[in-house]
Amino acid sequence: MTETLFGGPTLPPAYPERAAWGTAPKLRAWQQQALDLYLANSPRDFLAVATPGAGKTTFALRIASTLIDSGAVNRVTIVAPTDHLKRQWADAAAKVGIAIDPNFKNSDGQHGRGFIGVAVTYAQVASKPMLHRAKTEAARTLVILDEIHHGGEALSWGDGLREAFDPAVRRLSLTGTPFRSDTSPIPFVEYAEDRDGIRRSKADYTYGYGNALRDHVVRPVMFMAYSGQMRWRTSAGEEMAASLGEAAVTKDITSHAWRTALNPAGEWIPAVLAGADKRLSEVRRTVPDAGGLVIATDHEDARAYAGQLKKITGESPTVILSDDAKASSKIEEFSAGEKRWMVAVRMVSEGVDVPRLSVGVYATSTSTPLFFAQAVGRFVRARKRGETASVFLPSVPQLMALANSMEMERDHALDRPEKEDGDGLFNPEDSLMEEANREDKASDSLTKGKFEALDSQASFDRVLFDGGEFGTGGEVGSDDEMDFLGIPGLLDAEQVGTLLRQRQHEQLNRKNRKAPAAESQVPAVPDHRMLMDLRNELAKNVAAWAARTGTPHGVVHTKLRTVCGGPPVAQANEEQLQSRLRKLQDWFIGRK
């Protein structure tokens, strides 16, 4: 081991050829600051919380190389959530001269010759903690616990980690998202009571998304939200309809509208995938290798989405399924190549390093802050200054709240009061986030029976960025949508904000020019219940006409808008909805 590899500022970041703008020759400022703090105190336990994409791997490997070089440790054990991440850690360590064996199995007993340590999974440790304890006791061991919040996922995992690594001379814990939805203590993490008597995780060093964005370490993220009309059949055989994300509806209706939108057989998801691909094409004008990722709920949906993307692009996307033995090699091949799209089932939501991902489609109904933050983290890793990220998602309150709180820093809280219904997460600082944290489980009366998605239409809703909302809505394919899909792919955060405000101003001026002169009298307040009833009635009538004529629902809605005028259904007023209903009635009795 040489000074070139392990000493001073010459150690490059992990994946130096993909390093963020301005960071390749030396450590980033936060990494150096955290390293100085660590070396000054030489703690046995250290927790570093850094936003996804900030460079936790580089920071950890610098600490490892320093401790090895000084003789403080002579063995390294890296614990990661998945097999793919084990190999990713081993590859990164090899770049700085640390030989880590990612193929070690519990049955091997000893790692291969020539390696200074191993990379294992949390499940691997939990299944044989005494084996790993013996290995830890046999040498002066540094344990790197990647995404340490996984240590609180199950009692057996936490107990296994404590048993295995209690004898370690040094433990370095890393996470990008320390908060969890349960109250299981995370091993080797310090908790301190706040003024409300709640014990919260206490990080030794924190580097949040807001700071990383200001330092140009991560990309600014634009959230492209899509709404639209949904229709489904309940277990009781009742047909229901709602506008996706409508604030006046119940949690159950929101859940079912969301599920309907994600149904591959509907028209919502193909429209959103097409919009995302248009956005990717715009980004690739200035970032030629930019890629996209669709995060699906299950294998069936993933395959269906992949088929739809092939129709849109003419290219078969890479499909990553959790039971695919070749998943890791497929991810690596996609990362190194220039294919447009990858479709995955949740497993790529955490830790996987594909820096060229710039556009995402959040096509899952999972809405916990932990999963959302990790999913968005796949798109924020910056390679050079000015790269932007765009994430397309359903316009539902839970996701809107999470998208608007990207810069919020949260800790893992113990001692929260248990809710009787079991689906709320404790967050005393912010009642809105408490709502967002809910898993939104539908009531038993709606989930025990059969649910059937009938049809869905998409409409562009708005763009969320830096806590603000932009856009006035519009039809899919309209100028109002293209104003935002066509934003250049190379802009810094300030330029993104300026351009979004400019586009919104142009849209408002365009709509004002089309609108009739406002009357001097105070306009009447719309009756939201009446509007809801009219939308439901219109959806049922459109469905009936579509069934009679064999015309897709979206085509019927478009024809009604062409004939009657007015905005999409979700933005239409009472008079406009009534006009469309009258036109449908004319069609039914043959007076076209």
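Ion pairing between a basic and an acidic side chain is recognised when a charged N comes within 4.0 Å of a carboxylate O; Glu475 and Arg561 show such pairing. Electrostatic pairing of Arg233 and Glu238 does not count as a salt bridge here, judged by no charged N lying under 4.0 Å from a carboxylate O. The pair Arg231-Asp455 meets the salt-bridge criterion, with a side-chain N (NZ, NE, NH1 or NH2) lying under 4.0 Å from an Asp/Glu carboxylate O. Using a 4.0 Å cut-off between charged nitrogen and carboxylate oxygen, Arg279 and Glu282 do not count as a salt-bridge pair. Under a 4.0 Å N-O distance rule, the pair Asp91/Lys86 does not qualify as a salt bridge.
Counting heavy atoms from C-beta outward, Leu174 and Glu147 have side chains that stay 4.5 Å or more apart. Side-chain contact between Thr366 and Thr297: absent, with no pair of heavy atoms (C-beta onward) separated by less than 4.5 Å. At least one side-chain heavy atom of Arg383 sits less than 4.5 Å from a side-chain heavy atom of Arg219. At a threshold of 4.5 Å between non-hydrogen side-chain atoms, the residues Val221 and Phe465 do not count as touching. A heavy-atom distance below 4.5 Å is not found between the side chains of Pro488 and Thr286. Side-chain contact between Leu273 and Ile312 is present, with heavy atoms from C-beta onward closer than 4.5 Å. Two residues are said to be in side-chain contact when any heavy atoms from C-beta on lie closer than 4.5 Å; Leu490 and Glu387 meet this criterion. Between Glu267 and Pro552, the closest side-chain pair of non-hydrogen atoms falls below 4.5 Å.
Here the shortest heavy-atom pairing between Leu402 and Ser367 reads CD1-O, 3.4 Å. The two residues Pro220 and Val496 come nearest to each other via the heavy atoms CG-CG2, 4.3 Å. Here the closest heavy-atom approach between residue Ser358 and residue Val283 is recorded as CB-CG1, 4.2 Å. Of all the heavy atoms in Asp301 and Asp298, the pair that sits closest is N-OD1, 2.8 Å. Minimum interatomic distance between Leu538 and Leu581 (heavy atoms only, all atoms of both residues): CA-CD2, 3.7 Å. Considering every non-hydrogen atom in both Val354 and Ile331, the closest pair reads CG2-CG2, 3.9 Å.
In this structure, the separation between CG on Leu244 and NE2 on His256 is 13.5 Å, given to the nearest 0.5 Å. Atoms CD and CD, from Gln229 and Gln457 in turn, are 7.0 Å apart once rounded to the nearest 0.5 Å. Here the straight-line distance linking atom CG of Leu357 with atom OG of Ser335 works out to 7.5 Å at 0.5 Å rounding. One finds the OG atom of Ser173 at 9.0 Å from the CD1 atom of Ile186 (value rounded to the nearest 0.5 Å). The CG atom of Leu500 sits 12.0 Å away from atom CD of Glu469, with the distance rounded to the nearest 0.5 Å. One distance of note links CG of Asp479 with CG of Leu485; it measures 11.5 Å at 0.5 Å rounding.
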Intermediate values then yes/no, side-chain contact (heavy atoms from CB on, under 4.5 Å), Leu399 and Trp258: CA-CA 11 Å; Leu399 298 185; Trp258 191 347; 3.6 Å; yes
Salt bridge (charged side-chain N to carboxylate O under 4.0 Å, His left out) assessment of Glu315 paired with Arg340: CA-CA 8 Å; Glu315 174 185 285; Arg340 292 177 71 88; 5.7 Å; no
side-chain contact (heavy atoms from CB on, under 4.5 Å) evaluation trace for Leu464 with Met400: CA-CA 8 Å; Leu464 288 77; Met400 298 299 98; 3.7 Å; yes
Check against side-chain contact (heavy atoms from CB on, under 4.5 Å), Val361 and Ile295: CA-CA 6 Å; Val361 179; Ile295 300 176; over 6 Å; no
Stepwise side-chain contact (heavy atoms from CB on, under 4.5 Å) test for Val125 and Thr121: CA-CA 6 Å; Val125 174; Thr121 64; over 6 Å; no
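The backbone N or O of Pro264 sits less than 3.5 Å from a side-chain atom of Gln308, completing a donor-acceptor pair. Without hydrogens or angle criteria, Ser255 side chain to Lys251 main chain gives no donor-acceptor distance under 3.5 Å. The backbone N or O of Ala290 sits less than 3.5 Å from a side-chain atom of Arg284, completing a donor-acceptor pair. Looking only at distances, a side-chain donor or acceptor of Thr82 sits under 3.5 Å from a matching main-chain atom of Leu85. A distance-only check finds no donor-acceptor pair linking the side chain of Ser478 to the backbone of Gly474 [under 3.5 Å]. Panel note: side chain Lys278, backbone Gly486; no donor-acceptor pair is recorded below 3.5 Å.
A cation-pi arrangement, defined by a distance under 6.0 Å to the six-membered ring centre and an angle within 45 degrees of its axis, is present between Arg356 and Phe334.
Checked against the 6.0 Å centroid threshold, Phe392 and Phe223 do not count as a close aromatic pair. A ring-centre distance under 6.0 Å is found for Phe484 and Phe460.
A donor-acceptor pair shorter than 3.5 Å cannot be found between the side chains of Ser456 and Asn263. In this model, no donor atom of one side chain and acceptor atom of the other lie less than 3.5 Å apart for Ser227 and Ser395. Defined by atom type and a distance below 3.5 Å, a donor-acceptor pair is missing between the side-chain atoms of Tyr305 and Glu300. Counted by atom type alone, Trp341 and Asp277 present one or more donor-acceptor pairs between their side chains at under 3.5 Å. One side chain, Gln507 or Thr472, offers a donor N or O that lies under 3.5 Å from an acceptor on the other.
Below 30°, between 30° and 60°, or above 60°: for Tyr226 and Trp268 the angle between ring planes is above 60°, a perpendicular geometry.
By the 6.0 Å contact criterion, CD on Glu333 is open, its count of non-hydrogen atoms from other residues, nucleotides or ligands being 12 or less.
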